[in-house]
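The structure appears right after this line, and notes come after that.
Below, chains carry the letters A, B, ... as their sequence lines are ordered, and counting in each starts from 1.
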Amino acid sequence: DVKVTQSSRYLVKRTGEKVFLECVQDMDHENMFWYRQDPGLGLRLIYFSYDVKMKEKGDIPEGYSVSREKKERFSLILESASTNQTSMYLCASSLLRTSGADEQFFGPGTRLTVL
Amino acid sequence: GIQVEQSPPDLILQEGANSTLRCNFSDSVNNLQWFHQNPWGQLINLFYIPSGTKQNGRLSATTVATERYSLLYISSSQTTDSGVYFCAGSGSRLTFGEGTQLTVNP
C-alpha cells in the first residue's frame with residue numbers, strides 16, 4: 001500500500017514565523033503535490049513537483065515556497081506565516097510523470113493555525 | 001480549467017439505506033477519482049475510475065466519460081460511511097468538486 005506521511009497533524013504558529021510542513025512518501029512516486037483545504041473553497045493546489053529539484057506553481061502559490069531535495073520528500077515552506085494561511089494542508093503523491101492522469105494518494109493532513 | 005459539480009450537497013440516510021452520489025465534469029478528463037474524507041480530515045481513496053464500472057464491497061462507481069459524469073453507489077449504508085465524499089477529475093491538474101456531506105443515522 002502507498003503510504004504518505006506528514007510531519008504534524010496539528011501545528012500552531014505565530015504571525016511572521018517561518019513554517020515548514022514536511023511530506024514523505026514511500027512508494028518511489030515521481031509526482032508530489034501540496035493542497036490546502038478551506039471551508040467553502042474546497043481543495044486548491046499550491047505547488048507540485050514531478051522530479052527532484054523541480055517545482056511548478058499551482059493555483060495559489062503566493063506566500064508559499066517548496067523544496068524537493070530527495071524523491072521521497074516534499075516540503076512546503078511558509079516564509080512568513082500570516083493568519084490567512086490558517087488552513088488544512090494536504091500532501092499527495094502519484095506514480096508517473098503523466099500530466100494529471102495518474103491516481104493520487106493523500107497524507108493525513110496538517111491543521112495549521114497561525115495566531 | 002475543468003469544472004466539477006457534485007450532487008447532492010447534503011444527504012441524510014438511515015442505516016441500511018442505499019444512495020447515489022453524482023459528479024458532473026465540464027470537459028473530458030483522463031483521471032477521475034472518488035474519495036471519502038474521514039472525520040480526521042484524511043482523504044481515503046475509494047476509486048480511480050476514468051471510465052467504466054468498479055466495485056469494492058458495498059461501494060461501486062461508474063464513469064460515463066462520453067457523457068462527462070460519474071456515479072458513486074453506496075449500498076446498505078452504515079454509520080461509519082458518514083463523512084464527506086469528493087470526486088476529482090483532471091485534464092492537466094486534479095480539480096475537486098465541493099463534496100457531498102453524508103450523514104448515516106443509526
Side-chain angles (χ1 to χ4, degrees), chain A residues 1-6 8-11 21 23 25 27 29 31-50 55-61 86-113, chain B residues 1-10 21 23-52 54 56-57 59 61 63 65 68 70 72 83-101:
Chain A
D1 280 353
V2 176
K3 189 161 187 183
V4 181
T5 58
Q6 295 183 227
S8 305
R9 293 300 301 274
Y10 300 94
L11 207 53
L21 303 182
C23 176
Q25 50 89 8
M27 287 301 292
H29 282 183
N31 304 320
M32 298 189 74
F33 308 83
W34 275 107
Y35 297 84
R36 65 177 281 179
Q37 183 179 21
D38 301 286
L41 296 174
L43 279 90
R44 295 177 291 169
L45 180 64
I46 305 171
Y47 266 98
F48 63 102
S49 168
Y50 55 83
K55 61 184 179 183
E56 295 283 345
K57 292 180 179 179
D59 299 319
I60 50 163
T86 292
S87 186
M88 174 69 147
Y89 290 87
L90 292 159
C91 175
S93 70
S94 67
L95 178 61
L96 298 174
R97 192 181 161 176
T98 49
S99 182
D102 209 18
E103 185 176 10
Q104 292 190 23
F105 297 87
F106 283 78
T110 296
R111 291 192 184 274
L112 172 67
T113 302
Chain B
I2 291 171
Q3 308 297 316
V4 180
E5 293 184 359
Q6 290 188 244
S7 60
D10 296 281
L21 281 58
C23 175
N24 292 330
F25 35 96
S26 61
D27 204 345
S28 302
V29 295
N30 48 29
N31 174 3
L32 195 289
Q33 293 186 242
W34 284 96
F35 300 91
H36 176 214
Q37 189 163 39
N38 66 23
W40 298 271
Q42 182 161 11
L43 286 170
I44 308 299
N45 288 45
L46 297 177
F47 294 102
Y48 170 69
I49 187 166
S51 64
K54 291 186 178 180
N56 185 3
L59 273 61
T63 297
R68 299 178 186 169
S70 184
L72 177 69
V84 183
Y85 288 80
F86 290 100
C87 72
S90 76
S92 59
R93 293 177 184 177
L94 203 59
T95 301
F96 284 78
E98 293 292 315
T100 292
Q101 174 74 58

Quick one: what part of A:Arg44 sits under 4.5 Å from any heavy atom of chain B, side chain, backbone, both or neither? neither

Is any side-chain heavy atom of A:Arg9 less than 4.5 Å from a side-chain heavy atom of A:Pro108? yes

Under 4.5 Å heavy-atom distance to chain B, tell me which part of A:Phe48 shows up: side chain, backbone, both or neither. side chain

Any idea how A:Phe105 and A:His29 line up, ring-wise: parallel (<30°), tilted (30 to 60°), or perpendicular (>60°)? tilted

Quick check against the 3.5 Å criterion: does B:Gln37 have a side-chain atom that pairs as donor or acceptor with the backbone of B:Phe86? no

Using the ring of each side chain (for Trp, its six-membered ring), is B:Phe96 parallel, tilted or perpendicular to A:Tyr35, with breaks at 30° and 60°? perpendicular

Looking at chain B, which one of A:Arg111, A:Met88, A:Gln37, A:Gln6 has the largest number of heavy-atom pairs inside 4.5 Å, strictly under? A:Gln37

